[in-house]
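Naming convention: chains lettered A, B, ... in sequence-line order (proteins, then strands); numbering from 1 in each chain. Basis for what follows: all heavy atoms, side chains included, without hydrogens, waters or symmetry-related copies. Given the structure is predicted, the values throughout are model-derived calculations rather than measurements.
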Amino acid sequence: MVGTRTGRVPMSDTSTPSGGDRYDWHTAQDRWLPVWEKLDQFRASEYPADRPRKYVLDMFAYPSGDLHMGHAEAFAIGDVVARYHVLRGYAVLHPVGWDSFGLPAENAAIKRDLDPAKWTYANIETQAESFKRYAISFDWSMRLHTSDPGYYRWTQWLFLRMFERGLAYRKESAVNWCPQDQTVLANEQVVGGRCERCGTAVTKRSLTQWYFKITEYAQRLLDDMTALEGHWPERVLTMQRNWIGRSEGARVSFAVEGRTEPVTVFTSRPDTLYGATFMVVAADSALADELCAPERRAELAGYLEQVARLSDIERQSTDRDKTGVFLGRYAVNPVNGERIPVWASDYVLADYGTGAIMAVPAHDQRDLDFARQFDLPVRVVVDTGAPDPAQTGVATPGEGTLVNSGPIDGLTKGDAIRRIVDILAERGVGAATVSYRLRDWLLSRQRFWGCPIPIVHCPTCGEVPVPEDQLPVRLPELSGADLRPKGVSPLASVAEWINVACPRCGADAHRDTDTMDTFVDSSWYYLRFVSPYDDQRPFDPAELRKWMPVDQYIGGAEHAILHLLYSRFFTKALYDMGLIEFTEPFKALLNQGQVILNGASMSKSKGNLVDLGEELRKYGVDAVRLTMIFAGPPDEDIDWADVSPAGSGKFLARVWRLASEVGAAETTRGEGDTEVRRVTARTVHEATQLVETHRFNVAIARLMELTNALRKAVDQGPGAADPAVREGATILAIMLSLFAPYCAEECWSKLGHAVETGDTVSRAPWPRAEPALLAEDTVVCVIQVNGKVRGRIEVPTSIGADDLRDRALGTDTIAGLLGGAEPSKVIVRAPKLVNVVLPA
RNA sequence: GCCCCCGUAGCCCAACUGGCAGAGGCAGCGGCCUCAAACACCGCACGGUGUGGGUUCGAAUCCCACCGGGGGCACCA
């Protein structure tokens with residue numbers, strides 16, 4: 001467990017001179033944690049109804065063990081945002097949950113011969129205790145686990161809504177297969193073409209699987225990103241755009257000899273249609289099989305076998321020679337009537353475009369490689385000025401003038417595309433179209449520890465949804481050896497579970513034995529959080545209206561595409577179903593960096609893990625949290641070797657001592673020292689701006705400055721009893737509570753607040769800076785000569801440009817440098833700068 | 001190979017978006033305490049912003065090229 005009292009280390013004895021009140025984080029943690037638990041201060045439902053609302057959400061945790069350094073950083077950042085908004089007077093929803101289905105639980109269960117649920121829920125309890133001790137301002141009444149039947153019941157319900165609308169469907173396609181483990185693998189379980197668990201090279205296998213039709217939303221997923229611009233990291237938006245991969249082009253139909261239906265291809269370069277010298281269809285497509293001439297059948301079969309033997313590693317190698325077979329058939333180019341051979345190859349993908357391409361070897365490198373491999377003709381149709389690709393082996397994909405292209409000769413690319421698309425449309429053999437590289441989302445897994453797919457397969461009725469009143473379809477209890485991979489889902493061998501009557505006709509039928517990808521669970525949890533215990537519906541519309549969309553989402557960049565894209569898709573689909581009233585789930589997104597060590601990411605296999613529990617035992621919760629936030633901008637990686645939790649502790653000790661001294665002093669009457677008041681006001685002003693803009697590390701630097709200024713005021717200025725010093729210390733405690741809640745609470749208490757009875761620092765109002773204290777009467781103006789600083793004068797802040805110019809030129813140094821000559825130019829930026837340019 | 005981000009002091013990082021390069025911290029050094037030390041406290045920054053050009057009265061900031069580091073995509077027609 002994290003941060004227990006065991007193993008005290010002298011590190012914390014950053015004590016004051018003898019007799020003083022020394023910083024003691026052990027005591028603070030032990031004193032305030034139970035008080036906070038009792039007060040339960042962050043319940044979203046307890047805030048007064050008239051408060052404006054904020055929904056602050058951290059990407060929920062996977063319960064793989066106790067919390068680690070990565071959690072500590074991410075949740076510390078989210079907590080700063082949540083606590084700030086609470087102090088600013090918002091009603092804040094900051095819920096906690098677990099993404100608790102998934103493969104690691106299953107693997108652990110197999111290894112230790114136990115029930116994945118036991119392992120999972122034990123880890124969740126450990127993490128929950130750690131979160132509490134780590135002082136995250138969660139609303140513990142809004143808690144969920146995706147593996148609870150009360151949750152996955154609604155995951156199944158949503159799946160059925162998708163199914164009704166045709167957004168969930170089954171199809172056969174090639175999926176990742178691990179020959180060693182005898183199981184299908186998710187894309188994310190394939191690392192570098194190898195099985196993440198056993199290291200075996202992954203191959204493809206054709207299987208019938210469930211998909212979500214995310215491709216139907218490709219354009220909207222793209223368009224709606226404009227609303228996220230400026231609120232999401234640009235990097236994430238770019239990655240999503242690339243992933244969706246919109247490509248404009250045309251469909252062109254080629255008649256095929258001996259076939260009534262033409263074959264349609266997608267091309268982004270219809271202008272090069274006259275340069276098409278052959279056609280290629282995806283070797284593993286039904287089309288290849290159909291087009292293949294009888295005498296070529298054996299050859300194609302042999303080729304397919306050869307392709308299937310390839311591992312992903314080999315398949316993805318870019319410098320691999322092109323392979324393929326001639327199908328013994330010819331297509332006809334619709335614009336010039338030319339007869340071109342039809343080939344099959346694995347470099348054309350079955351599931352992109354139409355699974356067939358027109359090959360223009362002169363202007364596409366892949367086609368050229370293929371043409372040279374099989375001695376096919378190369379015809380230049382765009383004159384780019386570059387040498388002949390047939391000679392050089394280098395295709396010329398650039399712009400130029402069309403040649404050898406009949407009616408579009410002499411045109412440039414854009415004009416040629418428009419013209420040729422018109423011609424194709426007139427003849428009914430083509431049209432402009434858009435293609436996306438986004439694929440439908442494969443959601444079925446042959447795994448146990450996931451949400452069962454609520455479908456019954458009936459020999460007569462086909463795929464039949466489980467009736468709503470029978471949800472959830474619960475997982476049976478399996479453990480240990482029952483879960484060992486055997487090529488089909490472990491659920492398939494539980495006879496009493498799979499055999500059911502068809503809900504429609506009553507005949508003998510069987511349940512679908514697959515479970516859902518855990519990304520399905522996490523695609524809607526932010527909706528469930530507004531009403532996690534509602535057993536009538538997945539979410540309460542009135543609560544959704546109150547809280548959604550999420551105001552600030554916080555999480556790692558590793559989910560830049562999958563989770564965030566899936567969640568955006570779910571939101572749009574649910575909107576279309578009329579279930580919710582918004583189309584984007586997360587208004588703003590903050591990606592935190594990673595915690596690394598000595599320049600390398602930490603991992604068990606490298607043996608360079610920094611243990612969070614140990615750090616917390618050494619330095620305390622506050623020092624670790626403060627170190628995470630102070631290390632740098634939140635989106636940058638933190639190298640734990642470069643930062644100093646001991647240094648953070650030192651700062652907290654200074655604040656502690658300050659509050660202690662001020663708290664013990666008999667504060668005098670009045671406003672107090674003006675200079676101290678000004679420093680405090682400036683700090684409030686700047687720190688507020690900095691927190692708003694997520695520059696938390698700089699905000700902490702400002703708090704350190706304030707601490708230093710107050711220290712000086714106590715030792716060498718108006719003293720600890722000065723009202724302005726007390727005000728400064730009080731405000732410091734409030735602002736510090738975002739980062740170091742235990743120390744801040746302790747200081748708050750020292751300053752005379754009855755924390756035990758509810759006067760906590762978390763309920764203090766965020767300070768405001770009095771504008772009068774921010775205004776300065778005079779400012780130091782820099783006088784430059786030719787851009788170099790040559791003097792300074794103190795001037796009124798309100799000074800006019802002409803006045804300032806005269807005063808600057810009148811100073812002795814400048815007058816001396818001018819020597820009576822007229823400056824060639826004087827730039828005045830009142831009131832802070834004057835630059836005098838001397839004649840050359 | 002293509003695209004994106006980042007290079008400021010020994011280290012982590014600031015610099016009001018073109019105006020005095022240094023706020024904060026770590027490490028270090030000196031002082032003060034001490035029998036001595038640790039802790040605390042006080043004090044200490046000639047690096048000109050990766051390199052080379054350019055724009056400008058003025059560049060860490062804008063533009064170009066290169067070097068170094070990180071990330072994403074890589075047969076998507």
- Query: Below 4.0 angstrom, N of the basic side chain to O of the carboxylate: do A:E661 and A:R657 qualify?
  - Reply: yes

- Task: Whole angstrom is fine here: how far is it from CG in A:D715 over to P in B:C42?
- Result: 7 Å

- Could you check which nucleotide pairs with B:G7 in any of the strands shown, counting Watson-Crick or G-U wobble with both distances under 3.5 Å? B:C67

- Message: If you go through the side-chain atoms of A:N835, does one of them form a donor-acceptor pair with the base of B:C57 closer than 3.5 Å?
- Response: yes

- Take atom P in B:C62 and the same atom in B:A38, then report the distance between them in whole Å. 46 Å

- G-U wobble or Watson-Crick pairing nucleotide for B:C41 (cut-off 3.5 Å, both distances): B:G31

- Query: Mapping A:R654 and A:I357 onto RNA chain B by nearest heavy atom, which one lands closer to the 5' end?
  - Reply: A:R654

- Report yes if a side-chain nitrogen or oxygen of A:N708 is closer than 4.0 Å to either non-bridging phosphate oxygen (OP1 or OP2) of B:G25; otherwise report no. yes

- Please report, rounded to the nearest Å, how far the C1' atom of B:G72 is from the CG atom of A:N242. 8 Å

- Message: Any salt bridge linking A:E229 with A:R241? Criterion: basic side-chain nitrogen under 4.0 Å from a carboxylate oxygen.
- Response: yes

- What nucleotide, of B:C75, B:A77, B:C73, holds the atom closest to the side chain of A:K322? B:C75

- Query: For B:C39, does either OP1 or OP2 sit under 4.0 Å from a side-chain N or O belonging to A:K650?
  - Reply: no

- Using the benzene-type ring in the case of Trp, are the ring centres of A:Y566 and A:W441 under 6.0 Å apart? yes

- Value in whole Å for how far the P atom of B:A15 lies from CG of A:L833: 20 Å

- Task: Would you indicate, yes or no, if B:A77 has its OP1 or OP2 atom less than 4.0 angstrom from a side-chain nitrogen or oxygen of A:S247?
- Result: yes

- Message: Nearest whole Å is fine: how far is B:C13 P from A:I638 CD1?
- Response: 9 Å

- Can you tell me how far P in B:A60 sits from the matching atom in B:G18, rounded to whole Å? 13 Å

- Task: Could you tell me whether A:R22 and A:D24 make a salt bridge, using a distance below 4.0 angstrom between a side-chain N and a carboxylate O?
- Result: no

- Item | Output field: ring centroids A:F278/A:F370 closer than 6.0 Å | yes

- Query: Between B:U56 and B:G72, how far is it from one C1' atom to the other, in whole Å?
  - Reply: 36 Å

- Roughly how many Å is it from CG in A:L237 to P in B:G72, rounded to a whole number? 17 Å

- Task: Look at A:K712 and B:G43 and indicate whether a side-chain polar atom (N or O) is within less than 4.0 Å of OP1 or OP2.
- Result: yes

- Query: Paired with B:C73: which nucleotide, if any, by Watson-Crick or G-U wobble criteria at under 3.5 Å for both distances?
  - Reply: B:G1

- Message: Taking only side-chain N and O atoms of A:Y347, does any of them lie within less than 4.0 angstrom of OP1 or OP2 on B:A77?
- Response: no

- Test: A:R320 and A:D369 ion pair at under 4.0 Å: no

- Task: Let me know the distance between CZ of A:R437 and P of B:C75, rounded to the nearest Å.
- Result: 8 Å

- Task: To the nearest Å, give me how far apart CG (A:L706) and C1' (B:G25) are.
- Result: 16 Å

- Message: It should be established whether A:R790 places a side-chain nitrogen or oxygen under 4.0 Å from OP1 or OP2 of nucleotide B:G58.
- Response: no

- Within the modelled atom types, does a donor on one side and an acceptor on the other bring the side chain of A:K832 and the base of B:C20 under 3.5 Å apart? no

- Message: Does a side-chain N or O of A:N697 approach OP1 or OP2 of B:G24 to a distance below 4.0 Å, or not?
- Response: no

- Message: Can you work out whether A:I827 or A:T238 has the more 5'-proximal nearest nucleotide on RNA chain B?
- Response: A:T238

